[in-house]
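Here's the structure, in structure tokens; my notes come after.
Every value quoted in this text rests on a predicted model; they were computed, and no experiment measured them. Numbered from 1 within each chain, the chains take letters A, B, ... in sequence-line order. What you see below is based on every heavy atom in this structure, not just the backbone, and it leaves out hydrogens, waters and symmetry mates.
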There are 2 protein chains.
Amino acid sequence: MPSPSSSPAAATETDATETDASTARATGARPSPARERILETAFALFYARGIRAVGVDLIIAESGVAKATFYKHFPAKDDLVLAYLDKVDGVWSGQLHAAAQAAGPAPADQLVGLFDALQNACRRDGYRGCGFINAAAESQPGTPVHERTVAHKASVLSWVEDLARRAGARDATTLARSLTLLLDGGLASGTLDAAPEAPRAAKEAAGALVAASLA
Amino acid sequence: MPSPSSSPAAATETDATETDASTARATGARPSPARERILETAFALFYARGIRAVGVDLIIAESGVAKATFYKHFPAKDDLVLAYLDKVDGVWSGQLHAAAQAAGPAPADQLVGLFDALQNACRRDGYRGCGFINAAAESQPGTPVHERTVAHKASVLSWVEDLARRAGARDATTLARSLTLLLDGGLASGTLDAAPEAPRAAKEAAGALVAASLA
DNA sequence: AACGTAGCAGACAGATCTGTCTACTGCCAA
DNA sequence: TTGGCAGTAGACAGATCTGTCTGCTACGTT
């Protein structure tokens, strides 16, 4: 049984404070140890087993909280799911930005460097793809959960597009689209093939596309 | 309520005969009208709403079959799920091959042309991504359902790799990997963005990667 | 004419899942 | 000291889901 902090997105940032603050900001709920324990547990379980596959009873038992407490913080399971997705978004975006920055100051390098985040994610054990894509597969278009996924992907796309524009790409929109396609493909198929070739190929292809777009 | 034949993969081929035969071959079960009705219904419902979200009771009601008949043909729900995945595999592989062939006899053209299948798939309404990726998101690694997904992706990859080799690519393995990444990315994000830009960008990127790999 | 097979109809058992409700325990602040 | 708040413990209702079982009909074959 993996500890919560060793889960898909072991945050390198200071967990408690940062996460508390951003969660509170996003959801309007004030932080509390019990709430945080629930969210942490849900984060690990939802990601590892899927959302529908994990019942609230399990989360309650695993997080050592009373049922009434659970429903006080999250009036319905869906509210917890949304909070979970916000957490996934925060962690994954953080890793993406960090990987990009680590590649240096040039936007063109950052466009390629961001793929290191993919490689790191795939390497982690217990890796089970993109939490958002998985959530979307379990939800219907039009539901809050699904919309949250759409919003996340749109935000990543616009960030990459901005990078592409600053890199001076000929067609920043298309380049950004292609790169996120590569990223999503790596994310989606990372579960299906333990080999590290996929993320490597993704980065290589990204390099070729970026280069071709600048030439 | 969509008719079964208007579902994700409206097969252009002659349905009854071809599908019956291939299903029987794959699963070892003899065909029967009731069985086919069940499978057809499951195909539409599983794809549209997700596997866990659809109960056997609904499939039974929708396909107008008795419960005992259902369980005679599919002793457990998982058996139906597996048959469903085989059907998805058959249809999608068929579309992929058809799109590739339509691009002409040259393997290099086929590598790019196969992306038309993606475009067509995304355009269909009720499109909800790749049945396999969705199924994988709902299943645990190691289960038959998950393994079936892995096998499907591996078979697509090896087909593309063969094409790449015959096209004379410098590094056929990596090129194939990149192209399937692009394909999976398009498949996964097609649900999240109705715009037809994604498949277009995928094909464009594929063209660039193939060209670069032959130069 | 008898029989086996495929199918229909629906009750039933048992598990599981979400969400509500009651009752009790500490703790802190007015 | 009293009242409010966060939390614990767990019973309970109602829905839903998988899988079993009993009985019946219809048809084609021998």
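- Rounded to whole Å, atom P of dT18(D) lies 8 Å from atom CZ of Phe70(B).
- In the set dG19(C), dT8(D), dG7(C), dT8(D) carries the atom at the smallest distance from any side-chain atom of Val65(A).
- At least one side-chain nitrogen or oxygen of Thr69(B) sits closer than 4.0 Å to the OP1 or OP2 atom of dC8(C).
- The side chain of Ser32(A) places no N or O atom within less than 4.0 Å of a non-bridging phosphate oxygen (OP1 or OP2) of dA6(D).
- Straight-line distance from the OH atom of Tyr71(A) to the P atom of dG7(D): 17 Å, rounded to whole Å.
- Annotation: side chain of His146(B) is not in contact with side chain of Gln140(B) (no heavy-atom distance under 4.5 Å).
- At the phosphate of dG10(C), neither OP1 nor OP2 sits under 4.0 Å from any side-chain N or O atom of Lys67(B).
- Distance, Ile51(A) CD1 to dT18(C) P: 12 Å, rounded to whole Å.
- Whole-Å rounding puts the Ile38(B) CD1 to dC8(C) C1' distance at 12 Å.
- Atom CD in Glu36(A) sits about 16 Å away from atom P in dA6(D), given to the nearest Å.
- If you check dG7(C), dG19(C), dT18(D) against the side chain of Asp57(B), the one that comes closest is dT18(D).
- Rounded to an integer number of Å, the gap from CZ of Arg52(A) to P of dT16(D) is 12 Å.
- Among the heavy atoms of the strands lying under 4.0 Å from Arg37(B) are primed sugar atoms or P, OP1, OP2 only; no base atom is included.
- Salt bridge Asp193(B)/Lys153(A): absent, no basic N to carboxylate O contact under 4.0 Å.
- Comparing dG10(C), dT8(D), dT18(C) by their closest approach to the side chain of Ala68(A) singles out dT8(D).
- Nearest to the side chain of Lys72(A), among dG19(D), dA6(D), dT18(C), sits dA6(D).
- When each of Ala76(A) and Ala66(B) is assigned the nucleotide of DNA chain C bearing its nearest heavy atom, the one mapping closer to the 5' terminus is Ala66(B).
- A straight line from CG of Asp79(A) to C1' of dG19(C) spans 12 Å, rounded to a whole angstrom.
- Regarding Phe74(B), its CZ atom lies at a distance of 14 Å from the P atom of dA6(C), rounded to whole Å.
- Under the side chain to side chain contact (heavy atoms under 4.5 Å, CB included) test applied with Leu181(A), the options Leu182(B), Leu181(B), Asp184(B) reduce to a single match, Leu182(B).
- In terms of phosphate contacts, His73(B) brings no side-chain nitrogen or oxygen within less than 4.0 Å of OP1 or OP2 of dA6(C).
- Glu197(B) has a carboxylate O that lies under 4.0 Å from a charged side-chain N of Arg177(A), or vice versa, which qualifies the two as a salt bridge.
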Checklist entry - Run the side chain to side chain contact (heavy atoms under 4.5 Å, CB included) check on Leu163(B) and Arg166(B) step by step: do they pass? => result CA-CA 5 Å; Leu163(B) 234 38; Arg166(B) 280 177 12 227; 3.7 Å; yes
